[in-house]
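Contents: one structure, followed by commentary.
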Amino acid sequence: TCGICVQKCPFDAIEIRNLPAELSDDPVHRYGENAFALYGLPLPEPGRVTGILGPNGIGKSTAVHALAGELVPNLGDHAADADWDRVLDRYRGTELQNYLKRLIAGDVTVSRKPQYVDRIPDQFSGRTRELLERTDERGDLDRIVDRLGIDPVMEQPIESISGGELQRVAIAAALAREADFYFLDEITPYLDISQRMTVARLIKELAEDENRSMLVVEHDLAILDLLTDSLHVAYGQPGAFGVITDPKSVRNGINEYLKGYLENENMRIRPSRIEFEEHAPRTSSTGNPLVDYPDLYKSYGEGEFELTVEGGTVYESEVLGIVGPNGIGKSTLAKLFAGRLEPDEGDLDFRLDIAYKPQYVEIDQPMRVDAFLSSITDDFGTSFWNTEVAQPLQLERIMEQNLTDLSGGERQRVAIAACLSEEADLYLLDEPSAHLDVDQRVQATTAIRRYAENHDATVMVIDHDIYMIDLLSDRLMVFDGEPAVRGHASRPQEMRAGMNDFLSDLEVTFRRDERTSRPRINKPGSQKDRQQKRDGEYYYA
Ligand code: ADP
Ligand code: ADP
Ligand code: MG
């Protein structure tokens, strides 16, 4: 493995499809006869943050290998000898040719943040400080450490720090290096919204102030929107072929992606469009209460984290979004509702059947996916279950695998499916977007929403992906407090009031895209940002 594609190359599992007729040109690179082929390359530009929006397994790392000079593109002829001149010829007269010339001359150096930070402790043992000091090539480490809030874990062994800390350490390590071209393969996993914003702002500043090129792969659309100056959409058949489009404006790239149709390319990449609606709530608070719960208090012990919950009502057939920073008690609340923890004060003995997907997915029986799911529901395999659950969660291709062999994203999808397949009064999903790429997220969101609507199901969803929360939720529960010390959960509120509450703490404002109604983060300090802050309208302007 090379540090980027630490993921398993699914060679023997791929299914080669015929390429769309539009792709009659030779690819940039093909790994072998009937093997993965990449079409198109992104263009790193000094002083700019370039985004790639697309699923995993679509050739992003392959493209970066080429842009880093570690792989000489074979232009589809996998038997040919490596030859940069042919490549330069192909890109004659383009900006990419200028970049490649500098690369071949040895003028380009690359720094990378690997996708799977969980694997860093396997490759490095030592303290955070030791890891980071090795990367301090620009003398900028202290500032980066400070900005990303890494100070508290500087003296801790790398194997003992949490996922969110590891993510920020990995980002700091990549950014502290002296390079022309920085490749950041996902920046938001394990981070809460405030941490995501901080990372995004730091990357943007480094690009602008130091004229660095940043290429970022990201599945959180709100962050991609805030962070990037232009966007390549990547589409195709993961594992078989991938196409990286020419750069688009960020707004068009995201809008076209959500629409499922790329205009310049005249290409449909998804059968249906993703719709954002300015929330006309599906049910109003005049619906029937599913449960009234009292004020609650839970502490993990003397001097440990404590949570207070304002009593409230969950209504039948509503989707209640739950947002707040890491370590503030969201999962603790989910466990209280699911009956896995007992509150110290307040009584939660409602007789409800609850289907619960915990944050850290606990499926590790030695059992096949199909056997596991058919043990949960009699609907397994019916056409309605296939359409509503299996298809949008892309389960067909992993049905015959063992639960123990699944990747993080695969486990997540099986766990969401298992949760939705139960007969329950209340569905509780703790961070369903974790480990999912953007396609899977968009489809999982649609699946959860459609399920809730078709079954009049009541759902509570904890997540850090604002788009997912916006698309799903009818109302919102907001957490605040001091992470790891004390948390407070508000009574469920209307979306607008809840988002206002949440975002004013973060000092972030959102507007709605005029064309698609999707939420977009306002540029900090822009006229809209200042106006909305004055009006106290942090969310729906
Ligand atoms: P992404 O970064 O978008 O997840 P990659 O560029 O890592 O995608 O991989 C795209 C596909 O290329 C993989 O699904 C795999 O089938 C194939 N692939 C990756 N690396 C190699 C390699 N070294 N040799 C042959 N095939 C590879
Ligand atoms: P969130 O889901 O909002 O990230 P959690 O509810 O998981 O937060 O955790 C809140 C705080 O409680 C964290 O500081 C966490 O370390 C602490 N915590 C969680 N479970 C336990 C436990 N079993 N014993 C002691 N502390 C715990
Ligand atoms: Mg949690």
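Each ligand, and each atom within it, is numbered from 1 in the order the structure gives.
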- Message: Using a 4.0 Å cutoff against the non-hydrogen atoms of Thr62, which atoms of ligand 1 qualify?
- Response: 5 (P), 6 (O), 9 (O)
- Item | Any side-chain heavy-atom pair of Leu227 and Glu218 under 4.5 Å | no
- Query: Within the distance-only criterion (no hydrogens, no angle test), does the side chain of His29 pair as donor or acceptor with the backbone N or O of Leu75 below 3.5 angstrom?
  - Reply: no
- Message: Looking at Met468, is its backbone amide N or carbonyl O close enough to the side chain of Arg441 to form a donor-acceptor pair, meaning the two atoms are under 3.5 Å apart?
- Response: no
- Between Tyr293 and Phe337, how do the two ring planes meet: parallel, tilted or perpendicular, split at 30° and 60°? perpendicular
- Enter the distance from Thr50:OG1 to Phe181:CZ here, rounded to the nearest 0.5 Å. 8.5 Å
- Message: Show me which atoms of ligand 1 lie under 4.0 Å from any heavy atom of Asn56.
- Response: 4 (O)
- Message: Could you work out, with ring-ring contact (aromatic ring centres under 6.0 Å, His included) as the rule, every residue matching Tyr467, not counting sequence neighbours?
- Response: Phe276
- Query: Can you find a heavy atom in the side chain of Leu191 that is under 4.5 Å from one in the side chain of His464?
  - Reply: no
- Message: Below 2.8 Å, which protein N, O or S atoms neighbour the Mg ion (ligand 3), ignoring water?
- Response: Ser331 OG, Gln359 OE1
- Given Gln167, which of Glu186, Lys113, Arg196 fulfils the side chain to side chain donor-acceptor pair (under 3.5 Å) condition? Lys113
- Message: Quiz question: by atom type and distance under 3.5 Å, do the side chains of Tyr99 and Ser213 form a donor-acceptor pair?
- Response: no
- Message: Under a 4.0 angstrom heavy-atom cut-off, which atoms of ligand 1 come close to Gly239?
- Response: 14 (O), 16 (O)
- Item | Residue pairs fulfilling salt bridge (charged side-chain N to carboxylate O under 4.0 Å, His left out) with at least one residue in residues 153-171, sequence neighbours excluded | Arg129-Glu155
- Query: Would Lys248 and Glu265 pass as an ion pair if we require N to O under 4.0 Å?
  - Reply: yes
- Who's touching ligand 2 if we go heavy atoms under 4.0 Å? Tyr300, Glu304, Phe305, Pro325, Asn326, Gly327, Ile328, Gly329, Lys330, Ser331, Thr332, Ala484
